[in-house]
Structure formats: C-alpha cells, structure tokens
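Notes to accompany the following structure.
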Amino acid sequence: MTEAPKNHFKRRLLAGEVQHGLWMSLASPVAAEALSLVGYDWLLFDAEHSPVEIASLQPLLQAAAAGSSSCVGRPAWNDKVLIKRMLDIGCQTLLIPFVQTPEDARAAVEASRYPPAGIRGVAGGTRASRFGLAPDYFATANEEICIIVQIETADAVDRLEEIAAVEGVDGVFIGPSDLAASMGHLGHPAAPEVQEAIEVAAERIRRAGKAPGILATRPEDARRYRDWGYRFVAASVDLGLLIGAAKGVLEQVRT
Ligand SMILES: O=C(O)C(=O)C[C@H](O)[C@@H](O)CO
C-alpha cells in the first residue's frame, strides 16, 4: 500500500532537536537536488522573495526528494489560497510570513486543516496524497502539517506569547532583516538592539512551549543563534553561497 507522507521535520521539531537548514532562493531544481544530498535537515523554498510560483515549486520539491532534507515552503503571503496550493503540491511544513496577531496565526492554521478543524479545500489527486494513491492521506493530513509563523516586526514581538499560544502553531520564526527594518535598522540585523531582541525572543518562544527558528547568513551567526536556544536555524542562503564562492575564485585568479 502507498502510505501518506510523514513529516519528519515536525517530529524532530516536537522532539526539541536542533535542525540545520539552508534557505533556497535560486529556484533551481538542480540546486535543490544537489543541496538536499548534502545533508541539511531542512531546505526552505521561498516563494515570497524568489521567482517561485506553484508550478515551479513542485519540481523543486521533487528534486529535493532525492536527498534527506525536509522541505519547508514560504508562501508569498498569509493567504488561504496560497497555503492550500502549497499543501496540495506536497509541502507539509509552511513558514507563514508577516504574522502580526493571534488572529493571523489562527487564520494560517485554519487554512492548513481540512474541515471541521479548518477550511482547506479537498482535492483527490494531488502530489500531497501521492496523486490519490495513499488511502490514509485524508485521515493523517492535519496531523502531519506543520505551521511555523514568522515574526517580522517589533509589534509582533510585543505579542509573541499570544501568537505562540495559538493551537496548531508549531514553531515561531524570527525574520532578522524585517525585524531590523521595523526597529529602524534597515539592512542592519546585526545592530545590537536587534540582536538583543532576537536573543530574548528565543527564550520567550521556548517558554511559550513552541520551537524557535531563525535565518542566519553566516555559520558564526547560526551557531550563536543555536546557543541562544534557536532550534531550527537556516545557516545560509544558496544564492549567497554561490555568489560568495564565485567572488572568492575571481579574487584568487585576478591576483
Ligand atoms: O526578515 C527576514 O530576515 C526574512 O524574512 C528573510 C528575507 O526574506 C531574506 O533575507 C531571504 O533571502
């Protein structure tokens, strides 16, 4: 029998394990396949700030399935249609951008659940249900979905406990760049005031009983965030790695 997909990322998250991730902006199936074979616990496919739509996200997920990384999808907005479409192509873990209130978080959870728990539309032959070949999909889908809400502003940080308390929210992810911008430090997430807020947020999220996550762009930042208590940390961005390596080679051959 073909079984419905299991969400290994969610299981590790609920077990409190540290999970190392990579942020994917290249929108390239080759990169998705190759980097999934490297051994990261999770890859984040960004449909908010990358040229990724539903039709181009599905091949990225298929390519990543060659390796061991779990896939996380970030829709362009906290929108029930975008959420439904991502779930249908097989994203089981979603990072929901710009969650400002408990109501926003509740809406995201409801959009991800079949009735009566939520309002997700029902389709038979989707990649999520292994094209209808997994008879247990409808019975297991709600439990296997993992919802992570992204906190991106100082206002949202103020309401962190209320947001984290929403049933069905599994993790709370801090967006350092947007948080920095909202605190008056556009382009400077390393500003001491921003870093202090990030450090305090990790403890507040953990005390609220949810897993804290964050994006770093350098390994030393990722290690510091992990030491502050973050449990799922994207250690770098695929595009940044490519450009960094290409610049390094150019510098070496020019000398
Ligand atoms: O606030 C942040 O940080 C994010 O949301 C990540 C950004 O979108 C970007 O740096 C991803 O490349």
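Here the structure is a predicted model, which is why all the values come from computation and not from measurement. Just follow the structure's listing: the first ligand is 1, and inside any ligand the first atom is 1.
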Check your understanding: Does one hydrophobic cluster hold both L95 and L60, with members joined at side-chain heavy-atom distances below 4.5 Å?
Key -> no

Exercise for review: Go through the steps for E193 and H185 under the test side-chain contact (heavy atoms from CB on, under 4.5 Å), then give the verdict.
Suggested key: CA-CA 9 Å; E193 188 192 8; H185 299 286; 2.7 Å; yes

Study note, to complete from the structure: Note: V237, heavy atoms under 4.0 Å from ligand 1, region reported as neither

Point to revise | Sub-4.0 Å atoms of ligand 1 with respect to non-hydrogen atoms of D178 | key: 1 (O), 2 (C), 4 (C), 5 (O)

Review point. Which residue and non-hydrogen atom of the protein lie closest to atom 3 (O) of ligand 1, and at what distance in Å?
Key: S177 N, 2.9 Å

Practice item. Flag G175 as yes when one of its N or O atoms lies below 3.5 Å from any N or O atom of ligand 1, and as no otherwise. Key: yes

Point to revise | Winner among E152, R74, M24, Q150 once heavy atoms are compared against atom 7 (C) of ligand 1 | key: R74

Revision key, fill the gap. min-distance protein heavy atom vs atom 12 (O) of ligand 1 -> W23 NE1, 3.5 Å

Check your understanding: Any luck finding a side-chain donor-acceptor pair between Q195 and Y225 under 3.5 Å?
Key -> yes

Practice item. Could you verify whether a donor N or O on one side chain and an acceptor N or O on the other, from D155 and S182, lie under 3.5 Å apart? Key: no

Exercise for review: Please determine if K210 and E161 form a salt bridge, counting it only when a charged side-chain N lies under 4.0 Å from a carboxylate O.
Suggested key: no

**Study point:** Test of proximity, L215 against ligand 1: N or O pairs below 3.5 Å
**Key:** no

Study note, to complete from the structure: To the nearest 0.5 Å, atom CG of N78 lies from atom CG of D104 at 6.0 Å

